[in-house]
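Report on the following structure.
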Amino acid sequence: MPKKAKSTRDGIYTRKDRPGTKAVPIYWGSYIDGTGRRRQKKLGSYTLQAARDELAKLKADATSQRNTGIVPPSEDSFTKFAGEFLAYQKRRISSKVLKGKLSRTEYNRQVGIVEGHLNPYFGAMKLKLIQKQDVAAYINSRMGEVSDGTIIKEVNTLKRLLNVAIEMGKIQVNHAQRAPVPKAPEGRVRYLSPDELGNVLNFCPEWLRPIAGLAVALGTRRGELLAVRWEDINMNAGTILLRKTKNGKPRPAFINALARQVLVSMDTGKRRGLLFPEVTPAQVTVAFIRACKDAGIEDFSLHDLRHTFASHARMNGVDLHDLQKLLGHSDPRMTDRYAHLSNEHLANAARRLDGVLRLPAITSEAA
């Protein structure tokens, strides 16, 4: 197939791969648009003079845009721009969390939201015509079908899409920014007692037991744990280097008695490569939920083992600052959900002032 001809200067041209007919030729125009980029645009004119007049108008509009800074909104439909948006996001996938980058997991989540929910709803609607009430109507259509947290994630993706459209000069205002999204749900704290935990581990298949054991012993996220390699473990120092973290910054996890017991039971002499090379995240999640149900534990997921680690650490006197470091929370507010689980250390902190702060002696006046 012939390559599309590209012009490097202003003017009218035709393309060998799409010439039209002798009676109705297809003309293309090359010009610099209002953002300073060269454009090759198919013209709607069928005579050379009409094509020249059309190109002259495009160039005049571009000059006006550069002089005033006002770019007319795009005529693109939501679906058309959604494809551009996903291509834009795909180019920004990175293994490290950096400003302007996103993980493969986040990209896949955005693809699912755009193709599964936003495209079917906004579809042929022109990007420039999407108003606050349209976003509110979308939110209302999702209420009762999915959780408030899911709606927030979907609207955040829509906001990002419209922000990219602004960056590309497609629209001027993001009407999703002030849409009436539900209040973010409070972080849940769901944890198991030692007896419940032992029961669940007994119902785990043999391959899953060390994964669940380390998850609760170290308080790691699923992705952090499944990315650990034998080379990341230092039994002498008592640490495991977590390389794949949520914020992109490696951090150590500290080996306690339970973690050591699990690691020793796994050591077959082959201490190279991934600890768990033959399982996928989805397999781990589904198998663990099934084990919980078999053990009679409802509404409990693999991620809740992280809450179990944090909750028991807190109830055994670990202060919030240390717990934040152990969990790898970049925002201390994430750790505050565990604050209510132990007030003993606060009482001890207050008692440290005993003997330091006191009222002056009070003497009664002589009668």
Side-chain angles (χ1 to χ4, degrees), residues 78 82 85-86 89 97 102-123 130 132-163 174-192 196 200 212 215-216 219-224 226 246-247 280-293 295-311 327-341:
F78 182 91
F85 168 73
L86 292 178
Q89 293 294 79
V97 179
L102 72 164
S103 67
R104 169 67 64 176
T105 300
E106 173 63 17
Y107 169 75
N108 289 338
R109 186 171 68 83
Q110 290 184 6
V111 170
I113 290 173
V114 170
E115 295 183 348
H117 305 292
L118 299 181
N119 264 346
Y121 188 88
F122 294 100
I130 295 176
K132 180 180 176 181
Q133 58 265 33
D134 299 311
V135 182
Y138 172 78
I139 292 171
N140 187 57
S141 74
R142 299 292 282 158
M143 296 289 286
E145 291 187 3
V146 295
S147 68
D148 289 350
T150 296
I151 293 174
I152 291 171
K153 290 177 182 178
E154 292 176 4
V155 175
N156 284 341
T157 298
L158 176 61
K159 289 178 181 178
R160 178 58 183 150
L161 182 148
L162 295 176
N163 279 337
N174 183 347
H175 290 290
Q177 289 291 8
R178 296 189 177 183
V181 294
K183 182 180 178 182
E186 293 184 7
R188 88 183 222 146
V189 177
R190 175 80 166 92
Y191 62 91
L192 298 179
E196 288 175 322
V200 169
V216 73
T220 56
R221 300 178 179 91
R222 181 187 64 180
E224 293 172 342
L226 295 184
K246 189 173 182 179
N247 62 12
T280 66
Q283 287 172 333
V284 172
T285 295
V286 171
F288 184 77
I289 291 175
R290 186 178 295 120
C292 289
K293 289 183 177 179
I297 303 294
E298 298 292 337
D299 189 29
F300 198 83
S301 68
L302 187 79
H303 190 77
D304 290 324
L305 291 178
R306 178 169 160 86
H307 296 317
T308 299
F309 165 87
S311 299
L327 294 172
H329 285 158
S330 56
D331 187 339
R333 290 176 295 183
M334 295 291 294
T335 320
D336 283 345
R337 72 179 72 176
Y338 305 105
H340 70 285
L341 292 174

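We count residues from 1, following the sequence as given. Atom set for the values below is all heavy atoms of this structure, side chains included, hydrogens, waters and symmetry mates excluded.
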* To do: Please step through side chain to side chain contact (heavy atoms under 4.5 Å, CB included) for the pair D148 and M143, ending with a clear verdict.
  => CA-CA 7 Å; D148 289 350; M143 296 289 286; 4.2 Å; yes
Distance-only donor-acceptor hits, side chain of residues 106-113, under 3.5 Å, sequence neighbours excluded:
| residue | atom | partner | partner atom | Å |
| --- | --- | --- | --- | --- |
| E106 | OE1 | R109 | NE | 3.1 |
| E106 | OE1 | R109 | NH2 | 2.7 |
| E106 | OE2 | R109 | NH2 | 2.8 |
| E106 | OE2 | Q110 | NE2 | 3.0 |
| N108 | ND2 | R104 | O | 3.3 |
| Q110 | OE1 | Q89 | NE2 | 2.8 |

* Asked: With sequence neighbours excluded, what pairs up with S330 under the side-chain hydrogen bond (donor to acceptor under 3.5 Å, both in side chains) test?
  -> none
* R222: partners by salt bridge (charged side-chain N to carboxylate O under 4.0 Å, His left out), with sequence neighbours left out -> none
* Asked: With sequence neighbours left out, what residues match N140 under side-chain contact (heavy atoms from CB on, under 4.5 Å)?
  -> none
* Calculate, to the nearest 0.5 Å, the distance between atoms CD and CZ belonging to E298 and R190 respectively. => 9.0 Å
* **Partners meeting ring-ring contact (aromatic ring centres under 6.0 Å, His included) with F122 (sequence neighbours left out)** => F78, Y138
* Asked: Which residue pairs satisfy the salt bridge (Lys or Arg N to Asp or Glu O under 4.0 Å) criterion with at least one member in residues 136-147, sequence neighbours excluded?
  -> R142-E145, R142-E154
* To do: Mind checking ring-ring contact (aromatic ring centres under 6.0 Å, His included) for Y191 and listing every partner two or more places apart, or none if nothing turns up?
  => H312
* Structure fact -> Those residues at least two apart in sequence (or on a different chain) that pass salt bridge (charged side-chain N to carboxylate O under 4.0 Å, His left out) with R306 are none
* May I ask you to test the F309-T220 pair for a side-chain heavy-atom distance under 4.5 Å? => no
* To do: Under the side-chain contact (heavy atoms from CB on, under 4.5 Å) rule, collect the residues that match up with V155, sequence neighbours excluded.
  => I139, I151, K159, V181
* Could you tell me which residues satisfy side-chain contact (heavy atoms from CB on, under 4.5 Å) with A291, sequence neighbours excluded, listed by chain and number? => F203, C204
* Atom pair CG (L226) and CZ (R221), whose distance is rounded to the nearest 0.5 Å -> 13.5 Å
* To do: Looking only at non-hydrogen atoms, find the nearest pair between P120 and V114 and report the distance.
  => CD-O, 4.0 Å
* For R178, check salt bridge (charged side-chain N to carboxylate O under 4.0 Å, His left out) against everything at least two apart and list the hits. => none
* Asked: T308 side chain to V216 main-chain N or O, any donor-acceptor pair under 3.5 Å?
  -> no
* To do: Just jot down the side-chain hydrogen bond (donor to acceptor under 3.5 Å, both in side chains) partners of D336, sequence neighbours excluded, or say none.
  => none
* Structure fact -> Between the CG atom in N174 and the NZ atom in K132, the distance rounded to the nearest 0.5 Å is 12.0 Å
* State, yes or no, whether a side-chain contact exists between Y121 and L158 at a heavy-atom distance under 4.5 Å. => no
* Structure fact -> For F288 and V200 the tightest heavy-atom approach is CE1-CG1, 3.8 Å
